[in-house]
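Report on one structure; see the data block that follows.
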Amino acid sequence: MKKRIVGLETEYAIRYSSLISEKQDNRVLYDLIIKIIPSFVKIADGTSILKWKQIFLENGSAFCYESLPHHIDSGLLEAATPECTSTLELILYQRSIDKLLQQTLEKLNQNQSRLFSKSTISLIKNCKDAYNNIYGAQENYSGVIAKGAFLFLYRLFLIFYLPLLAVYIFFVFIASFFILFFQSVLMIFFYIFYLIYITWFRERNHKFNNYEVFFYPNHKSFFYQFERLSGIVLTFTEIILSFPLIVPYVFILKYFTFRDYKKHLLAFIVTRILFTGSGSINNRGEFYLSEKAMFTKRISRTSNFPADRCIYDPGNLMKLTYLSVLSFFRFEFHYLKELFNNVQRFQIGMSDSCMCQVSELLKVGPLYILMDMIDEGFLKETPQIRFPIKTLKTINQYPNFRTFKIEIKNYKKLKLPSSLTALEIQFWYLNQAKEYLKQKTILDPEYHLIVKEWEQTLNLLKEEPEKLFGKIDWITKRILINQTLMKEKNLKSNNVLDIDGITKEDYIKHYELLKVIDIKYHDLYEGYYYELEKANLTKRFFSEQEIEYAIKNPPKSSELAKIRSSIIKRMQQSYENIKISWNYVKIGSGAISKIIQLEDFKKRRIDT
């Protein structure tokens with residue numbers, strides 16, 4: 001069987017702190033970061049029309065600026081790993097991205113421009129800020145989208161749906177044009193009016209010299225408010241106009257695609273927050289295992305609203321469908337061909353950004369094995385949770401996972417008790433994986449490593465969870481928080497997860513201090529996790545030399561990443577009009593542009 005392709009997408013919050021100036025536009029900060037990166041690695045511009053300032057790196061990974069239309073100045077740096085067929089290799093390349101960004105931040109903060117003097121720029125690898133804005137990580141696994149009648153009906157739906165989508169895009173374009181035209185006229189009117197007002201006012205008050213109230217790109221300026229209002233209007237216009245088209249499409253995606261994966265993996269994903277959660281504390285003194293789980297609303301997406309947080313996110317398929325129509329208008333058909341492929345990206349939206357390498361390995365490793373088991377027909381019946389979202393939110397609040405009983409709908413078929421704890425469900429999946437490995441005569445040693453780490457982690461969670469410090473993020477973070485409170489209250493305790501003498505009121509009283517620890521733990525620039533790593537208090541699978549090598553070289557297991565890397569490394573000055581994508585290279589622009597699939601580079605042995 002062809003090896004499964006896996007990848008991670010991680011959103012990093014851009015943080016700017018200064019004693020002498022206000023918050024800066026994150027687009028400016030992103031540009032500063034991207035300008036430093038070529039001093040470490042070779043890069044090439046990306047082709048995506050949905051990604052702002054996308055670049056590809058010589059190891060095959062990609063960066064872009066991600067934002068909402070009505071918060072375009074508060075966007076994030078999104079990084080995507082190159083395609084991998086090994087979970088260990090995937091973790092290595094995620095670490096290489098983190099390392100490259102660390103090096104970039106160090107150089108950027110050492111050589112700050114005059115505009116940003118006496119300031120610090122950092123990147124936060126987490127999923128939730130202090131204002132409960134949600135972002136973070138997504139996991140991608142290649143898998144069979146559907147089989148038999150479901151595949152036929154899905155493709156038939158696309159054939160009828162795409163022409164309707166093309167008509168919709170045309171009318172949205174026209175509507176957006178008129179909205180922007182009207183807003184531009186208003187802006188010019190206010191611009192002229194303000195200039196006249198400023199001229200008149202200055203003639204009467206020579207001390208007045210505050211043009212930045214109007215012109216300077218900060219959150220108080222007129223331009224900022226106008227830009228945000230434009231984004232809100234355009235966003236709601238798109239949502240309202242697309243609603244009749246989106247509803248049937250998300251219905252098809254929910255019930256016709258990746259059916260086996262969704263059914264058999266749900267109980268595992270709901271309960272895996274025991275070792276994949278990055279931990280979070282709120283102002284009510286409550287501690288949660290997972291940042292993403294706090295705001296997850298449903299199993300699968302039901303709309304195109306950004307706040308529609310779900311476990312299984314078909315957003316990538318929705319984007320691919322949209323790109324297929326847009327590319328069709330430009331007489332490019334590669335996206336359309338990709339849309340009808342039987343193998344697609346199965347995307348997990350409820351995924352925390354992990355700092356600990358053990359957490360990150362257990363986030364992707366067991367799920368990779370379970371998907372293989374599903375494809376081979378080994379997992380035919382799995383525990384079905386009666387109220388999955390309610391269960392997720394309950395076990396997410398510490399310490400409920402230890403005792404809360406989860407109702408199992410099909411317990412009689414599986415010969416299980418009618419209710420199980422989260423740990424018991426994880427042990428059930430672990431035992432199935434061990435049985436699967438026993439039946440395989442030839443198997444990658446990596447599978448055995450994953451199962452070994454999985455089993456050790458579950459056993460420690462059951463008996464001595466504090467020994468997972470430096471291995472599991474939420475445990476590491478909770479211990480750091482509790483140790484801070486112990487110092488504040490002059491307490492001593494052997495049990496650093498649950499300390500006698502510390503109450504909920506203490507967490508509330510010291511919330512601001514504890515929240516600093518919560519967020520600083522994830523900081524790529526002088527963050528607490530990396531202090532632990534330097535002190536050898538974390539478990540690592542890779543050396544610094546291996547990570548440095550991965551920064552400049554593609555994964556050995558990925559042919560596409562190798563080809564992409566080779567093109568980027570060998571691009572000469574005369575090929576400035578070359579742009580890179582995940583699957584193809586675009587040479588030239590406009591009507592004379594040429595698109596060549598990456599696979600064709602290998603077949604034709606084209607020398608770029």
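Just the heavy atoms: all of them, side chains too, but no hydrogens, waters or symmetry mates, feed the values below. Since the model is a prediction, treat every value here as computed from it, not as a measurement.
Inspection of the N126 and S353 side chains reveals no N or O donor paired with an N or O acceptor under 3.5 Å. For the residue pair N553 / K569, a side-chain donor-acceptor distance below 3.5 Å is found, with atom types taken as modelled. For the 3.5 Å distance criterion, the side chains of E66 and Q54 fail to qualify, holding no donor opposite an acceptor. Of the N and O atoms on the side chains of E407 and S419, not one donor lies less than 3.5 Å from an acceptor on the other residue. There is a side-chain donor-acceptor pair under 3.5 Å between D498 and Y398. For the residue pair D98 / Q102, no side-chain donor-acceptor distance below 3.5 Å is found, with atom types taken as modelled. S581 and N583 share no side-chain donor-acceptor pair at under 3.5 Å. No hydrogens or angles considered: a donor-acceptor pair under 3.5 Å links the side chains of E446 and S86. Inspection of the Y529 and E531 side chains reveals no N or O donor paired with an N or O acceptor under 3.5 Å. Under 3.5 Å, the side chains of N140 and Q347 contain a donor-acceptor pair of N or O atoms. Side-chain contact of Y436 with D372: a donor-acceptor pair under 3.5 Å is absent, judged by distance alone. Residues E83 and W582 bring no donor and acceptor atom of their side chains to less than 3.5 Å of each other. In this structure, a donor-acceptor pair under 3.5 Å is absent between the side chains of Q357 and T538. Side-chain contact of N495 with E466: a donor-acceptor pair under 3.5 Å is absent, judged by distance alone. Side-chain atoms of S278 and E291 include a donor-acceptor pair closer than 3.5 Å. With no hydrogens or angles considered, no side-chain donor-acceptor pair links E455 and T457 at under 3.5 Å.
The 12-atom threshold is exceeded at NZ of K405, counting heavy atoms of other residues, nucleotides or ligands nearer than 6.0 Å.
Here the shortest heavy-atom pairing between T87 and G365 reads CG2-CA, 3.9 Å. Residues T276 and S359 share a closest heavy-atom pair of CG2-O, 4.2 Å. Across all non-hydrogen atoms, the minimal contact from G315 to D313 is N-OD1, 2.9 Å.
In this structure, Y288 and N282 have side chains that are in contact, with non-hydrogen atoms separated by less than 4.5 Å. Taking the side chain as every heavy atom from C-beta outward, M373 and Q432 approach each other to under 4.5 Å. Side-chain contact between R272 and S351 is present, with heavy atoms from C-beta onward closer than 4.5 Å. Between P82 and P555, some side-chain heavy-atom pair lies under the 4.5 Å cut-off. Residues Y249 and F157 form a side-chain contact, since some pair of their non-hydrogen atoms from C-beta on lies under 4.5 Å apart. With contacts defined as side-chain heavy-atom distances shorter than 4.5 Å, the pair E376/K440 qualifies. Side-chain atoms of Y12 and H522, non-hydrogen and from C-beta on, never get closer than 4.5 Å to each other. Side-chain contact between K254 and R301 is absent, with no heavy atoms from C-beta onward closer than 4.5 Å.
Checked against a 6.0 Å centroid threshold, the rings of Y261 and Y312 do not count as neighbours. When ring centroids are compared, W474 and F401 come within the 6.0 Å threshold.
Side-chain atoms of K292 come within 3.5 Å of backbone atoms of A137 as a donor-acceptor pair (strictly under, hydrogens ignored). A donor-acceptor pair under 3.5 Å is formed between the side chain of T81 and the backbone N or O of L8. Proximity of a side-chain donor or acceptor of D308 to a complementary backbone N or O of S303 within less than 3.5 Å is detected. A distance-only check finds no donor-acceptor pair linking the side chain of K467 to the backbone of L460 [under 3.5 Å]. A side-chain donor-acceptor contact under 3.5 Å links S565 to the backbone of E58. Side chain of T271 to main chain of A267: a donor-acceptor pair is present (N/O by atom type, distance under 3.5 Å, no hydrogens or angles).
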After noting the C-alpha distance and the side-chain angles of K125 and E11, does the key distance pass the salt bridge (Lys or Arg N to Asp or Glu O under 4.0 Å) rule?
CA-CA 7 Å; K125 186 188 174 187; E11 293 172 337; over 6 Å; no
Show the numbers, then the answer: is there a side-chain hydrogen bond (donor to acceptor under 3.5 Å, both in side chains) between T10 and Q94?
CA-CA 9 Å; T10 305; Q94 178 59 54; 3.3 Å; yes
Hey, mind stepping through Y521 and L480 against side-chain contact (heavy atoms from CB on, under 4.5 Å) and telling me if it holds?
CA-CA 9 Å; Y521 175 81; L480 291 176; 3.9 Å; yes
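A cation-pi contact, defined as under 6.0 Å to the ring centre and within 45° of the axis, is absent between R4 and Y141.
Salt bridge annotation for E360-R95: present, with a cationic side-chain nitrogen under 4.0 angstrom from a carboxylate oxygen. Ionic pairing of K462 and E424 is not present here: no N-O contact between side-chain nitrogen and carboxylate oxygen is shorter than 4.0 angstrom. Using a cut-off of 4.0 Å between Lys/Arg side-chain N and Asp/Glu carboxylate O, E453 and K539 are scored as salt-bridged. A salt bridge is absent between D473 and R478: the closest approach of a Lys/Arg side-chain nitrogen to an acidic carboxylate oxygen does not fall below 4.0 angstrom.
In this structure, the ring pair (Phe, Tyr, Trp, His ring centres under 6.0 Å) partners of F150, at least two apart in sequence or on a different chain, are F256.
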